Peer 1: 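For reference, the structure I am asking about is given below.
Computed from heavy atoms alone, side chains included, the values below leave out hydrogens, waters and symmetry copies. These figures come from a predicted structure and were not determined experimentally. Along the sequence shown, the residues carry numbers beginning at 1.
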Amino acid sequence: MAKTRNFILRIDADMMDAVEKWAADEFRSTNGQLQWIINEALRKSGRKPKHRPEKEKGNET
C-alpha cells in the first residue's frame, strides 16, 4: 500500500459544498473525491508520478 501523508487544506465553504455534493453523487467520501480530482489533474497534465514498486522488507535504508 502506498504511504500517505496528512495535511491541512483551507477551502472556500461554497467550493467544499460543491465537492461534497460531487462526492455523494459518485458514491465517494469527500477525501476520496479530492484524491480523485488531484489524481486526474496530475494525469491530464502529464505530471502524475510513475508507480514505483515498494521496497522489499528488510532492504529499506
Peer 1: What's the spacing between K48 NZ and E40 CD if we round to 0.5 Å?
Peer 2: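 That separation rounds to 8.0 Å.
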Peer 1: Identify whether I11 and I8 are in the same connected component of the hydrophobic contact network (ILVMFWY, side-chain heavy atoms under 4.5 Å).
Peer 2: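 Different clusters.
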Peer 1: Taking all non-hydrogen atoms of both residues into account, name the closest pair between A23 and S29 and its distance.
Peer 2: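 Looking at all heavy atoms of both residues, the closest pair is CB-O, 3.6 Å.
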Peer 1: Quick one: closest heavy-atom pair of E26 and Q33, and the distance?
Peer 2: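 Closest pair (atom of E26, atom of Q33, distance): CB-OE1, 4.1 Å.
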Peer 1: Testing D17, I37, T30, L34 one by one against W22 for a side chain to side chain contact (heavy atoms under 4.5 Å, CB included), which residue passes?
Peer 2: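 It is I37; the other options fail the test.
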Peer 1: Excluding sequence neighbours, so at least two apart, what forms side chain to side chain donor-acceptor pair (under 3.5 Å) with Q35?
Peer 2: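 Expected list: none.
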Peer 1: To the nearest 0.5 Å, how far apart are CD1 in I38 and CG in L9?
Peer 2: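 Reported to 0.5 Å precision, the distance equals 7.5 Å.
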